[in-house]
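Written below as structure tokens is the structure these notes are about.
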There are 2 protein chains.
Amino acid sequence: MASKLKKNPITLKESDSSVSSIEDAMSKTQDGRLYNEILDAILDHRLSPGVKLKEDELSSIFSVSRTVVRRALLRLAHDRIVDMQPNRGATIIRPDVYKAREILGVRRLIERELIKEATLAATPESLNALKLCVESERDQVRRQHIGSGLRLSGDFHIRLAQLSNNSTLLSYLKELVPQTSLIIAMYQTPHHTLCSHQEHFDIIDVISTGDVSAAQEVMDRHLVHIEEKLDLGNERSPGDLFSAFAHVKNEVE
Amino acid sequence: MASKLKKNPITLKESDSSVSSIEDAMSKTQDGRLYNEILDAILDHRLSPGVKLKEDELSSIFSVSRTVVRRALLRLAHDRIVDMQPNRGATIIRPDVYKAREILGVRRLIERELIKEATLAATPESLNALKLCVESERDQVRRQHIGSGLRLSGDFHIRLAQLSNNSTLLSYLKELVPQTSLIIAMYQTPHHTLCSHQEHFDIIDVISTGDVSAAQEVMDRHLVHIEEKLDLGNERSPGDLFSAFAHVKNEVE
DNA sequence: CACCCACTGAATGTACACAACATTGAGGCG
DNA sequence: CGCCTCAATGTTGTGTACATTCAGTGGGTG
């Protein structure tokens, strides 16, 4: 059992994650830290769809008790980021094509509203802070830190949503972003599937004009672009054995 | 400590709740049962906004260990139905006016989309089943079972949403309905604030015509009516000491 | 040879004990 | 007389042991 420790290359980056992640006040308890760790791993594509998250392994890796692991997993399950069946443990979701379209559709619905409210509430200062965030994203990608780039790309959407002061829709988006990350992991095409940071800069520009409809239009197109870059036509993602043989091992939902 | 058992009048209606509640497959584990019990109590207005949910008390009342109680509370916290602060326990949320408007606004956004998809996916059979549900709701109210009527009223919206096959938006609505129930409890005016079942019948009728825009219009008006029946002008709900002295005891968020 | 069933091992569900933290009240001090 | 300190108490956070369930396996039988 102890030999399984090195099986997973997840490093726990103490202070880094609590800074980079948007989740702020919840890191006080241990399960909040673990929750963020797993979330970051998913956003960075270090954890793939379909991976089984065994409680013993996680407790070994992060040196916490199963109690803490269970809490973290329960939260992820409630976010619909992992799937928990009674007595059968937790696995990272593998959205099928139908579900993927559903999630992306909900994102469009919700972000259309969020950007409307954000546009009405934006100030020059908050937009500048947002711009800095996108620049950092761009720099990470240039340095070939694709994983961090991906996470920061999600961060942009969440920070943008925070401008709106709509905490309900914000909490939904916080679930949708990791789900989208998993969808990208499953259905990405050879060409890059990152949010283009240029589009992020464009979005900031439109918001600063105060034109709500235009902002909604740009955001919607941005999300459609993401969807178009995916290969949602045929179900399996190329080169992924898990997808190719999904019907053998587990016929999900 | 054992003497506190009789303090809370919550009865645990074994089989009843698992039938009446929409939550279906989750009642296998004990925490799912407790989760549904608390949710039903909120929907029936047997539990009010601001009530402290102590782990020991709940574990005594329902004869389960604190482990189970904690899981249930954690789920409720994630639904934003209870508020959990580290080391400070769980209390049922008390949405202020701003938050109340936000939640009702999100409901309108989400149900507008849900009824669109439901209209496109509806069949005569599914609509008939829905009609039976509303009739049962009407009968409960006629028999003065206001609590059950309230819960069934929420059930209508959820069952309607289930027609749409959009599980993401459905899960959001499952959080929004109890939140709405708490808002109604806080801000209800002397005249009845139930969803009028007549409007529910109307909604079913419009859906059966297949006219999406009309259905959206009717649903939107229905939700606006609910909001209009509330007294969101002045914050306190009449006769509720908790609200009246909220600024003294705890200045929430 | 294929199918069925009991067994076994591993993983999860639950309970309880202890530790850490927050709240509150009394007492002392300024 | 009011304020501060600190201990007592209650409540939550965490770790661990035990119970339960499930999946895989091996042997037996039709």
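Each chain gets a letter, A, B and so on, in the order the sequences are listed, and its residues count up from 1.
- The separation between B:R66 atom CZ and C:dA17 atom P is 12 Å, rounded to whole Å.
- Nucleotide C:dA19 holds its P atom 16 Å from the CD atom of A:Q30, rounded to whole Å.
- Under a 3.5 Å cut-off, the side chain of B:S181 and the backbone N or O of B:V177 do not form any donor-acceptor pair.
- One atom, CZ of A:F62, and another, P of D:dG15, lie 14 Å apart when rounded to the nearest Å.
- Note on A:R88: only backbone sugar-phosphate atoms sit closer than 4.0 angstrom, heavy atoms only; bases stay farther off.
- Side chains of B:D31 and B:T29: a donor on one and an acceptor on the other come within 3.5 Å.
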Item to check | Residues A:D44, A:R46; criterion salt bridge (charged side-chain N to carboxylate O under 4.0 Å, His left out); working and verdict | outcome: CA-CA 5 Å; A:D44 290 352; A:R46 305 196 310 273; 2.7 Å; yes

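- Atoms CZ (A:R71) and P (C:dT12) sit 18 Å apart, rounded to a whole Å.
- One can place NZ of B:K54 at 21 Å from P of C:dC21, the figure rounded to the nearest angstrom.
- Comparing B:M84 and A:N87 against DNA chain D, the residue whose closest nucleotide sits nearer the 5' end is B:M84.
- Atom CG of A:L74 and atom P of D:dT14 are 14 Å apart (whole Å).
- With 3.5 Å as the limit, one finds a donor-acceptor pair spanning the side chains of B:T180 and B:R107.
- The interatomic distance linking B:Q85 (CD) with C:dA20 (P) rounds to 22 Å, in whole Å.
- Between D:dT11, C:dT14, D:dT14, one nucleotide has an atom nearer to the side chain of A:D31 than all others, and that is D:dT14.
- Along DNA chain D, the nucleotide nearest A:S65 and the nucleotide nearest B:E55 are compared for position; the residue whose nucleotide lies closer to the 5' end is B:E55.
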